[in-house]
Amino acid sequence: MTMYLKCIACGEKYNEDEIIYSCRRCGDLLEVKYDYEILREKLKESNWRKLPLSVWRYRHLMPVRNHSKIVSLNEGGTGLHQCKRLGKLLGVKRLYVKNEGENPTGSFKDRGMTVGVTKAVEHEMNIVICASTGNTAASLAAYAAKAGLQCIVLIPSGKIAYGKLAQAMVYGAKVVQIKGNFDQALEIVLELSEKHRKVYLLNSINPFRIEGQKSLAYEICDQLEGEAPDKLIVPVGNAGNISAIWKGFSDFYQLNLIRSLPQMIGIQAEGAAPIAQAIREGSNSIVPMNKPETVATAIRIGAPLSWKKAIRAIRESKGTAETVTDQEILEAQKMLARHEGLFVEPASASSIAGLRKLLDLGRVDKNDTTVCVATGHGLKDPDIIMQTCKKPIEIEAKIGPILEYLGLSKPIAPIATIR
Ligand code: F0G
């Protein structure tokens with residue numbers, strides 16, 4: 001058997017073609033397991049290294065049997081930007097930003113959805129559903145449109161960035177705004193998908209989505225020419241992505257494609273930080289927050305579903321978790337834009353804010369090769385910029401006053417011609 005599903009708590013195994021989201025025996029999370037011997041052979045025989053950087057470059061490590069059914073919008077292959085100016089400012093020598101805003105719908109969710117929606121097609125499902133703080137909804141709606149499936153998304157009313165809402169609407173999803181938060185929306189879709197077996201759930205509880213998202217780690221290793229970074233810093237909301245990225249690095253390590261593993265560092269907004277709190281207290285469980293609040297609406301989550309996987313990733317990698325304030329997030333967003341030309345949404349900037357804090361605390365060393373994951377594009381949430389940046393001046397359409405405003409009224413002396 002190349003792959004199967006396994007419960008992370010009791011170890012119960014399930015066939016990979018079963019439609020199941022959590023363990024029937026103990027209710028815990030499932031993960032996809034592979035026989036690495038078989039994967040090693042498959043990789044040896046394939047030309048994966050010649051394929052362009054993308055999720056499907058790693059098709060042999062993905063849980064898809066029939067490659068002709070793949071639903072793709074060209075996801076992955078995002079830039080790993082070396083940030084020399086920002087690195088210098090923060091005091092870290094090798095800083096990289098993995099810019100997931102370069103994905104088709106502008107976030108890392110596309111990596112998961114290309115696999116998840118392909119599975120929906122394999123399972124012959126007609127309807128897909130998710131709860132979302134915005135990006136999952138936008139991504140699922142796009143991939144469902146590409147595959148010709150109906151899409152339902154539940155979002156917290158008034159608490160998602162406008163760009164994301166616009167995306168879900170234009171791709172034709174049935175958008176339901178609930179009078180509640182993300183955690184409540186998630187509870188509803190979990191129940192709904194158990195009751196209506198023809199509705200396929202594509203939140204990150206679906207173990208196949210995580211498989212697509214692990215390609216983010218594969219790409220980083222390939223972009224660093226076969227090395228893993230020392231530190232991997234990523235924003236944490238529902239905690240699927242940090243788990244996925246750790247799985248990706250672990251796969252590459254098991255397959256002897258990298259020689260070391262990074263420390264995984266999860267960053268949460270101060271007002272929505274149950275995982276960081278558990279790590280700080282050395283606890284093996286989280287205390288959900290009933291009223292999560294942060295300007296970074298993407299990670300405004302009080303009861304992260306994949307907390308157990310996230311804590312495992314942090315502990316196994318000898319990493320950590322930290323919190324950042326809304327102000328630190330907004331400052332980091334501007335720093336990244338103004339020093340590196342990268343415009344990311346607030347949740348994404350929390351990884352930069354977290355790095356800044358950890359450098360101050362001496363928990364990241366200036367010599368560490370550090371990768372911050374920028375999870376989503378800044379244009380998703382232009383409102384926040386309108387609120388935090390100074391409004392541009394309005395001037396008469398005449399050159400005089402414009403020159404005066406720009407401080408260019410006095411003509412600059414012509415450069416003497418050299419004979
Ligand atoms: N960054 C962004 C931009 C996100 O949209 C999310 C999650 C995260 C980070 C956190 O990732 O949940 O895997 O820990 N957004 C989800 C959504 C919850 O519905 O779009 P996570």
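When a ligand or atom number is given, it counts from 1 through the structure's own listing order. Numbering of residues begins at 1 and proceeds along the displayed sequence.
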Run the numbers for me: atoms of ligand 1, each under 4.0 Å from some heavy atom of Val236, listed by number.
-> 14 (O)
Residues which pass side-chain hydrogen bond (donor to acceptor under 3.5 Å, both in side chains) with Asn103, listed by chain and number, not counting sequence neighbours | Glu100
Among pairs that include at least one residue of residues 262-277, which meet side-chain hydrogen bond (donor to acceptor under 3.5 Å, both in side chains), considering only residues two or more places apart or in two chains?
-> Lys231-Gln263
Residue portion contacting ligand 1 (non-hydrogen atoms closer than 4.0 Å) for Lys164 = neither
Among all protein heavy atoms, pick the one closest to atom 12 (O) of ligand 1 and tell me residue, atom and distance.
-> Asn238 N, 2.7 Å
With heavy atoms and a 4.0 Å threshold, my read on which part of Ala239 contacts ligand 1 is backbone
Ligand 1 atoms nearer than 4.0 angstrom to some heavy atom of Thr375 are 1 (N), 2 (C), 3 (C), 9 (C)
Check: Thr294/Arg300 side-chain N/O donor and acceptor closer than 3.5 Å = no
Please report which non-hydrogen protein atom sits nearest to atom 7 (C) of ligand 1, along with the residue it belongs to and the distance in Å to one decimal place.
-> Lys109 NZ, 3.0 Å
Heavy-atom distances under 4.0 Å are what count here, so tell me which part of Ile301 touches ligand 1: side chain, backbone, both or neither.
-> side chain
May I ask you to list the atoms of ligand 1 that are less than 4.0 angstrom from any heavy atom of Asn135?
-> 2 (C), 3 (C), 4 (C), 5 (O), 20 (O)
Quick one: look at Ile242 and ligand 1, take heavy-atom pairs under 4.0 Å, and tell me if it's side chain, backbone, both or neither.
-> neither
